[in-house]
Amino acid sequence: MRFVDMAKPTEAGLNRLDALRSRAIGAFDGLYGYAPSFVVAAPGRVNLIGEHTDYNDGFVLPAAIDRHILVAVAPREDRAVRLYAADFDEMAAFGLDDLHSDADQAWSNYERGVAWALQEAHHALGGMDAVITGDVPIASGLSSSAAVEVATAHCFEVASGFELDGVERALLCQKAENEFVGMRCGIMDQYVISLGRREHALLIDCRSLESRPVSLPMGYSLVVCDTAKRRGLVGSEYNTRRQECETGARLLGLQALRDIGPEEFMVRQAELSEVIRKRCRHVVTENRRVLDAVEALRSGDLVRFGSLMNASHLSLRDDYEVSCPELDAMVEAAWRQEGVVGARMTGAGFGGCTVNLVALQAAEAFRHHVAQEYTQAIGLVPQVYICAAEERVRLLK
Ligand code: GLA
């Protein structure tokens, strides 16, 4: 098998990005009556393996994908921020001296939160006029909100003349989401959007916050299948899972579940009640699967990589209990197809998307057959996206 260090972006991806950029600039001009000074693009993300491990100080292996949130911006002399969400035709405005969340314009709380977090960290911000658009599917588990956060942070950096280190940017965006928006997410999404590399996944150590790009195999696509099942339970169940993990770590006398390997866990698991035991078993075995998956990619063992993805799905379904009939049906349909290396649910769960590693020449047939079998089983029409691993947040030239 051949590996690439830095392949070129795909033509389809470039065309989509160009179209988005024209839309953002056109909408800016039409609304504000002058041209934007710059355009920032932040990718969505898909996680290959390492689910619900980030808030346990563990390991994750996500990739940024070639679906983007774009923000066209012009700095202002005053401290006002005006935002237009072109895809919903909604406007929001706020002042940098009076930042609070707004239930009527909930979509803008990500931008407000990022402004708040940057100022809490003593970065001097100026106002701006902005237009947001994008092609990251919303509420599907591909981190459109983290992409908005990271894009917003980068816009403030460029507009206000300072530059954040990628890890610091990710941490401030996570802080915005945790403390301002009120979702207790881990660091994975903001991190990979801030630091991901084209044609690579990123192995992130969520304790040390160090990361390493891992080459993805040439000749394969990341195929993302959206179940069209919206993730209703995600907020409350996510927080419950986090608490269960914290309880497990405390009962085992650990700082975090990162601090125990599967072998020792098997010996000690009888110390835990059934539910806590299952939650912890998922996290402990998933951390090991991530490291094994990176080794499998490094040595070109795709059969092993795929079986680790599949095992991750079963563990999320049976032990962590964050899958649902729609995700299971989509994954099972994928497992039946030719050219599939591995398939699993991705993201927080309870709906949203699956991630599939599929041979490039089989991807179109895969798209067609999985969609058909899924609709037959569940009665919903899914969206299937053939994606490439994309570059981190950036200023578009
Ligand atoms: C969401 C969170 C991430 C991570 C995943 C589950 O995407 O934002 O921090 O916890 O769920 O792996």
Side-chain angles (χ1 to χ4, degrees), residues 42-65 67 110 113-114 136-150 167 170-196 201-207 209 211 224 226-227 230-246 256-258 279-280 282-287 289-290 293 308-309 312-313 315-317 319-324 327 344-355:
R45 71 94 186 89
V46 70
N47 189 17
L48 273 76
I49 193 161
E51 218 64 81
H52 291 280
T53 45
D54 62 350
Y55 51 81
N56 289 297
D57 279 4
F59 300 100
V60 291
L61 188 67
I65 55 173
R67 299 293 187 282
Y110 297 99
V114 168
V136 186
I138 293 175
S140 300
L142 298 178
S143 288
S144 58
S145 41
V148 167
E149 290 160 4
V150 175
V167 176
L171 284 168
L172 290 173
C173 290
Q174 183 198 20
K175 180 182 165 116
E177 178 133 1
N178 287 175
E179 296 176 32
F180 196 92
V181 178
M183 168 73 188
R184 275 186 84 201
C185 64
I187 190 67
M188 168 169 72
D189 308 342
Q190 292 82 0
Y191 194 115
V192 70
I193 292 168
S194 202
L195 285 151
L202 212 55
L203 170 64
I204 308 170
D205 176 335
C206 299
R207 170 171 281 167
L209 296 181
S211 62
V224 174
D226 186 344
T227 58
R230 289 297 154 246
R231 303 172 306 145
L233 284 170
V234 73
S236 61
E237 291 291 330
Y238 188 89
N239 288 340
T240 310
R241 294 297 180 286
R242 280 193 76 141
Q243 272 158 17
E244 287 164 346
C245 292
E246 284 160 16
L257 291 176
R258 150 72 173 274
R279 306 299 187 248
C280 295
H282 164 71
V283 174
V284 171
T285 57
E286 184 81 349
N287 274 328
R289 279 189 289 272
V290 175
L308 290 161
M309 285 180 81
S312 167
H313 183 78
S315 179
L316 288 157
R317 184 189 73 185
D319 276 351
Y320 218 61
E321 297 183 273
V322 291
S323 190
C324 59
L327 285 168
R344 55 182 287 280
M345 58 153 277
T346 187
F350 303 104
C353 294
T354 67
V355 59

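Order of listing sets the numbers, starting from 1, for every ligand and every atom in it.
- The closest heavy-atom contact to atom 5 (C) of ligand 1, among the options R242, M345, M188, comes from M188.
- Taking distance alone, with nitrogen or oxygen atoms compared against 3.5 Å, S143 stays at or beyond that limit from ligand 1.
- Closest heavy-atom approach to atom 2 (C) of ligand 1 within the set Y191, Y238, Y55: this belongs to Y238.
- Polar contact with ligand 1: absent for N47 (N/O pair, distance under 3.5 Å).
- What sits closest to atom 8 (O) of ligand 1 on the protein, heavy atoms only, is D189 OD2, 2.7 Å.
- Test V167, V150, L209 against L195 for side-chain contact (heavy atoms from CB on, under 4.5 Å) and you get one pass: V167.
- L202 contributes atom CG, which lies 11.5 Å from atom CE of M188 (distance to the nearest 0.5 angstrom).
- Nearest heavy atom pair, residue Y320 against residue C245, reads OH-SG, 3.1 Å.
- Applying the salt bridge (charged side-chain N to carboxylate O under 4.0 Å, His left out) rule to R289 yields the partners E286; only residues at least two apart in sequence or on another chain are considered.
- Distances below 4.0 Å separate heavy atoms of G186 from the following atoms of ligand 1: 9 (O).
- Classified by interplanar angle (parallel below 30°, tilted 30° to 60°, perpendicular above 60°), the ring pair H282/H52 is perpendicular.
- Ligand 1 has no nitrogen or oxygen under 3.5 angstrom from a nitrogen or oxygen of T53.
- Separation of atoms CD1 (I204) and CG (D54) is listed at 8.5 Å; rounding is to 0.5 Å.
- Closest to atom 3 (C) of ligand 1, if we only count protein heavy atoms, is D54 OD2, 3.3 Å.
- Ligand 1 has no N or O atom lying under 3.5 Å from any N or O atom of G50, backbone or side chain.
- In the vicinity of R45, heavy-atom distances shorter than 4.0 Å reach the ligand 1 atoms 7 (O).
- For the pair R242 (side chain) and R184 (backbone), a donor-acceptor distance under 3.5 Å is present.
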